[in-house]
Engineer: 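Questions regarding the structure given below will be posed in turn.
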2 protein chains.
Amino acid sequence: MKKKERQQKVIDEVSINRKVTSSYLSEKLKVSEDTIRRDIKELHDKGLLTKVHGGAISTIQKLYHYNEDIIYNRESKVRIAQKAISLIEDGMVIIISGGTTNLMLAKLLPKDLKATIYTYSLPIAMQLTEHPLIETIFIGGKIHRNSMVTIGIDVIQYLSNVRANICFVGVSALNTEQGITDEGYEVSLIKKAMMNASDRSVFLATTNKLNIRHSYDVCNLKEIDTLVTDLDDDCPTRSTFINAGVTVL
Amino acid sequence: MKKKERQQKVIDEVSINRKVTSSYLSEKLKVSEDTIRRDIKELHDKGLLTKVHGGAISTIQKLYHYNEDIIYNRESKVRIAQKAISLIEDGMVIIISGGTTNLMLAKLLPKDLKATIYTYSLPIAMQLTEHPLIETIFIGGKIHRNSMVTIGIDVIQYLSNVRANICFVGVSALNTEQGITDEGYEVSLIKKAMMNASDRSVFLATTNKLNIRHSYDVCNLKEIDTLVTDLDDDCPTRSTFINAGVTVL
DNA sequence: TAAATAACTGCATAATTTTGCATATATTTA
DNA sequence: TAAATATATGCAAAATTATGCAGTTATTTA
């Protein structure tokens, strides 16, 4: 029996019984306990089971898990998300748009946060299921394949009946003249609807989205309550927005 | 340099440049082209890059991917899903409930199938985004954490306005006396609503769901249009259902 | 707290995997 | 289509990894 095979059997045993001992596995698989311990250690490191004194127990496995490595500029997005999270308080009603920055935000939310969150992004909704105290409401509609968000009149309609404390809107493009713009017409309307439904509108913008302009208006600078960026305090671009009257975090 | 390290470098090179040749990698990493080719083959099999004649190109990486290994009785679910798929025709409007059997069904749908699919399961909706010709409509509502489906009156309300050719319903419990039952009240109502919205109701049941009874009625045997199971043709349980007038696949 | 059980460490040996080469086959391109 | 280039296959040597044991340390439990 090869190592891979044996480790698969270890996993099988662990998932059949809730817990297995090293001595039991050693006898069943005809290898020394040391080998079993080494197997358990490896599988534990891979997250496939949990090592305990005497053997191993099964771990609650996630059906889905995502590949953070492929998120462009992940570090920067994490910093932005953390700043944004500082604006959240227990008990709030929140609306979150799509995008990987907001996905990071969803992931980084404190596990003990109690809140109601509306979203129309599939990955974000998936992520939020890992937060036990967050009530997630998914806004249905036609799914846009690449961005994995729902779009369409249904979403806008739904948002018109929602009242939230705060919304976090991912920015596609921002410049000082046109303000925030978007590539898609439907998405621009959804973002407007989010703003209308919320007391406070917070926009999350990575540096590569600044000084860019797309076709469809979302809002002008005056309508931005708070802008969260990853720019340095003494950066001239940052000053430009502050001078235009925007609160920049 | 160890093999693992080297393969990581191959991945790095491929993601930096869009395409790399085996000869380039061979020289850069100081190993024979044969070794590079074997590395590329392995990485290709793992889905981390795409092997092409002359070298490798980068693959579009998925943000989310799921862990099929943890699906209980996966083989059996695949067989059931494949039988169910044989009932689908191009251009159909379909409603799919949650559950891993239906997730397998979503995954196994032909890539060239043209259809409109309504679902209220997050993983299934995610999966369907990989099918270019399927229009997916997600039915919104409050998200149930563990099952990753939406529940609530909104879902039932929405379904009352949908008209579908066929619906695929995952079975929680089925026996000859009570028919199909479910653990949750809301879920039982949603399944009823699916049936009302569809011309044909197809129920997918793994063997471990048979001869079990839960608290809330979904429907009796007479209302089942088609039952898809993994039972052998000569299995007595199967005959029981056929004798009760159910079409069993 | 003492006895029992389990885990860790280092190590020699066994088992497996990796590698480059030689050869044959396949694919691309001029 | 022919020449050039790339890939596939089998194989022996080299490199790496896995294994069980002995000795020691840590943890559990009666």
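In the text below, chain A, chain B and the rest are named by the order of the sequence lines, each starting its count at 1.
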Engineer: Under 4.0 Å, heavy atoms only, any strand: does K41(B) hit a base, just the sugar-phosphate, or nothing?
Structural biologist: nothing
Engineer: Taking CD from E5(B) and P from dT18(C), how many angstroms apart are they, rounded to a whole number?
Structural biologist: 15 Å
Engineer: Can you check the D39(A) CG to dC8(C) P distance for me, whole Å?
Structural biologist: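 Rounded to whole Å, this separation is 14 Å.
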Engineer: So which one's nearest nucleotide on DNA chain C is more toward 5', V52(A) or K2(B)?
Structural biologist: V52(A)
Engineer: When the aromatic ring centroids of F138(A) and Y120(A) are compared, is their separation below 6.0 Å?
Structural biologist: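 No; Y120(A) has its ring centre 6.0 Å or more from that of F138(A).
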Engineer: Within less than 4.0 Å of OP1 or OP2 of dA7(C), is there a side-chain N or O belonging to S22(A)?
Structural biologist: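 It does, given that an N or O in the side chain of S22(A) lies less than 4.0 Å from OP1 or OP2 of dA7(C).
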Engineer: Taking only N and O in the side chain of S32(A), is any of them less than 4.0 Å away from OP1 or OP2 of dT19(D)?
Structural biologist: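 Checking dT19(D) against S32(A), no side-chain N or O comes under 4.0 Å of OP1 or OP2.
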Engineer: If I compare all heavy atoms of I80(B) with all of A205(B), which pair ends up nearest, and what's the gap?
Structural biologist: CD1-O, 3.4 Å
Engineer: To the nearest Å, how far apart are K3(A) NZ and dT17(D) C1'?
Structural biologist: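 In whole Å, dT17(D) C1' and K3(A) NZ are 7 Å from each other.
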Engineer: Closest-nucleotide mapping onto DNA chain C: is G54(A) or R38(A) further toward the 5' terminus? I mean the 5' end.
Structural biologist: G54(A)
Engineer: Just how far, in rounded Å, is P of dA12(C) from CG of D34(A)?
Structural biologist: 17 Å
Engineer: To the nearest Å, how far apart are E33(A) CD and dC8(C) C1'?
Structural biologist: 14 Å
Engineer: How many Å lie between CZ on R37(A) and C1' on dA26(D), as a whole number?
Structural biologist: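 Value for this atom pair: 12 Å.
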Engineer: From dC8(C), dG20(C), dT17(D), pick the nucleotide closest to the side chain of K51(A)?
Structural biologist: dC8(C)
Engineer: Within the structure, does a side-chain N or O atom of R6(A) lie under 4.0 Å from either OP1 or OP2 of dT19(D)?
Structural biologist: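 R6(A) to dT19(D) OP1/OP2: side-chain N or O found under 4.0 Å.
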Engineer: Starting the side chain at C-beta, find the nucleotide from dG20(D), dT17(D), dG20(C) nearest to T35(A).
Structural biologist: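 Taking heavy atoms from C-beta onward, the closest nucleotide is dG20(D).
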Engineer: Whole angstrom is fine here: how far is it from CD1 in I40(A) over to P in dA6(C)?
Structural biologist: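 Checked: the CD1 to P distance equals 12 Å.
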Engineer: Distance-only, no hydrogens or angles: does the S26(B) side chain make a donor-acceptor pair with backbone N or O of V31(B) under 3.5 Å?
Structural biologist: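 Yes.
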Engineer: Can you name the nearest heavy-atom pair linking T237(A) to L210(A), along with the distance?
Structural biologist: CG2-CD1, 4.3 Å
Engineer: What is the distance, to the nearest angstrom, from the NE2 atom on H44(B) to the P atom on dA6(D)?
Structural biologist: 19 Å
Engineer: Can you identify which nucleotide, out of dT27(C), dT19(C), dT19(D), has its nearest atom closest to the H53(B) side chain?
Structural biologist: dT27(C)
Engineer: Measure from the side-chain N and O atoms of K191(A) to the backbone N and O of G170(A), and report whether any donor-acceptor pair falls under 3.5 Å.
Structural biologist: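 Yes; judged by distance alone, with no hydrogens or angles, the pair exists.
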